[in-house]
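First up is the structure itself, then whatever we jot down about it.
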Number of protein chains: 2
Amino acid sequence: MPTSSTSRGEATARIFTVFRDRGFEGATLAELARATGLGKSSLYHYFPNGKDDMVLAVFDLLDQWLEENMVKPLQSPGTPAQRLRTILRALDELYDGGRNACVLGVLVVGGARERFQARLKASFKTWIGAMRDLAVEAGVARREAQHRAENVVIRIQGALILAGGLGDPEPFRRELRQVEQHLLAG
Amino acid sequence: MPTSSTSRGEATARIFTVFRDRGFEGATLAELARATGLGKSSLYHYFPNGKDDMVLAVFDLLDQWLEENMVKPLQSPGTPAQRLRTILRALDELYDGGRNACVLGVLVVGGARERFQARLKASFKTWIGAMRDLAVEAGVARREAQHRAENVVIRIQGALILAGGLGDPEPFRRELRQVEQHLLAG
DNA sequence: GTCTATAACGGGATAGAC
DNA sequence: GTCTATCCCGTTATAGAC
């Protein structure tokens, strides 16, 4: 169906990286156009409300990613520990071993938060919910599982911040290893 | 010596909150002027290089805060646990129980990181170093103390992100309580 | 759907009087 | 040190041809 050289979906994937690296107010139309290979007019063709629409598309893409890489592994075969490993590997890849920021964390700061609070909350809840369900399945009491799941997300977000601030991805890598031990521990 | 109604120091304190709440690119001169009660020209009188100079002043202020509230308590009387409590109380106040963002975390995202990487790294290292020294004094081996200190900073940063994303400060409050148990544990 | 051109606006920054 | 006025540029957004 798509007739253009760069589909809306392909454009969204590029736009994702621009918001992740530059933040909402730091992402200019010029850079978004360059990153997608589209002219400004074409961007407005796909995203009539400009950057706001682009961010919503990024949330849609992110929610697909969460569904595929966090939620779907809950129904896969294997032990909870094995599936957790799969999940953490996907996160490690998404964040490029601590060298990439998290677009959710980026959109929490500045004026973007107010605008997209509902989507931010929903995405975080999806993520936390998946981690919690895995812990519950491994025998952790539901309330404790919820807290551990939030703790996992907190530590990943914080590790990405520190890695960025130090200019060194190592804190992220160590934290990811510890998280693996922590979530399902007896 | 200051003859103006709003001194540079007072202005910096207000500017701090604007960058914290809006981010570097989100903070406009109009808002910075409004928040300080100064005209644009007065801002440029105090900060000849505009927003860049303002951020440097914010780093100076923050480093003073770290010295007073993280480093100085290391020489205070009392057990390490007591001094840790004092330190965590100061952080709880700084972040208003999880309702405020961390200006360090905010400046890590977007184009501000590259510009201020050195200052960011220095501030994080000061903070981590203080936490580490406290753990060492409590009998934790130095390498383990360093890791725990980084973990504390990671969890505080991450908790602020999640609190912002969910629009609920509770994750921060719980994390702060857990951090208190974790840093010095035998 | 994509292009060129441009409108309309807001941003950072400066000049010069006081 | 502060004010008013202004400049210049980048940014968002739109118009209209192809």
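Reckoned from all heavy atoms, side chains included, excluding hydrogens, waters and symmetry mates. First the proteins, then the strands, lettered A, B, ... as listed; each starts at 1.
For dA15(D), neither phosphate oxygen OP1 nor OP2 lies less than 4.0 angstrom from any side-chain nitrogen or oxygen of Tyr44(A).
When distances run from any side-chain atom of Ser42(A) to the nucleotides dG12(C), dT12(D), dC3(C), the shortest one goes to dC3(C). Among dT2(C), dT2(D), dT12(D), the nucleotide with an atom closest to any side-chain atom of Leu38(B) is dT2(D). The side chain of Lys40(A) approaches dT12(D) more closely than any other nucleotide in the set dT12(D), dG1(C), dG12(C).
Rounded to whole Å, the distance from NE2 on His45(A) to P on dA13(D) is 17 Å. Note: CD (Glu25(B)) to P (dG10(D)) measures 16 Å, nearest angstrom. As rounded to whole Å, 12 Å separates atom C1' of dA13(C) from atom NZ of Lys51(B). One interatomic measurement links the two molecules: OH of Tyr46(A) to P of dA13(D), which rounds to 19 Å at whole-angstrom precision. Taking atom CG of residue Leu43(B) and atom C1' of nucleotide dT14(C), one finds them 14 Å apart after rounding to whole Å. Spacing between atom CG of Leu29(A) and atom P of dG10(C) amounts to 16 Å, rounded to whole angstrom units. In this structure, the CZ atom of Phe47(A) is 16 Å from the C1' atom of dT12(D), given to the nearest Å. Regarding Phe19(B), its CZ atom lies at a distance of 12 Å from the C1' atom of dG12(C), rounded to whole Å.
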Stepwise, does the side-chain contact (heavy atoms from CB on, under 4.5 Å) test hold for Ser123(B) with Leu66(B)?
CA-CA 8 Å; Ser123(B) 294; Leu66(B) 287 170; 4.2 Å; yes
Under the criterion salt bridge (charged side-chain N to carboxylate O under 4.0 Å, His left out), I'd like the reasoning laid out for Arg177(A) against Glu180(A): C-alpha separation, chi angles, the key distance, then a yes or no.
CA-CA 5 Å; Arg177(A) 273 182 262 123; Glu180(A) 184 174 349; over 6 Å; no
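Clustering of Ile, Leu, Val, Met, Phe, Trp and Tyr by side-chain heavy atoms under 4.5 Å joins Val106(A) with Val109(A), Val106(B), Val109(B).
Distance check: Leu88(B) CG to Glu93(B) CD gives 13.0 Å after rounding to the nearest 0.5 Å.
Using a 4.0 Å heavy-atom criterion, one finds that Ala33(B) contacts no nucleic acid atom at all.
Looking at Ser41(A), its side chain has no donor and acceptor atom pair within 3.5 Å of the base of dA13(D).
Judged purely by atom type and a 3.5 angstrom limit, Arg83(B) uses its side chain to pair as donor or acceptor with the backbone of Leu74(B).
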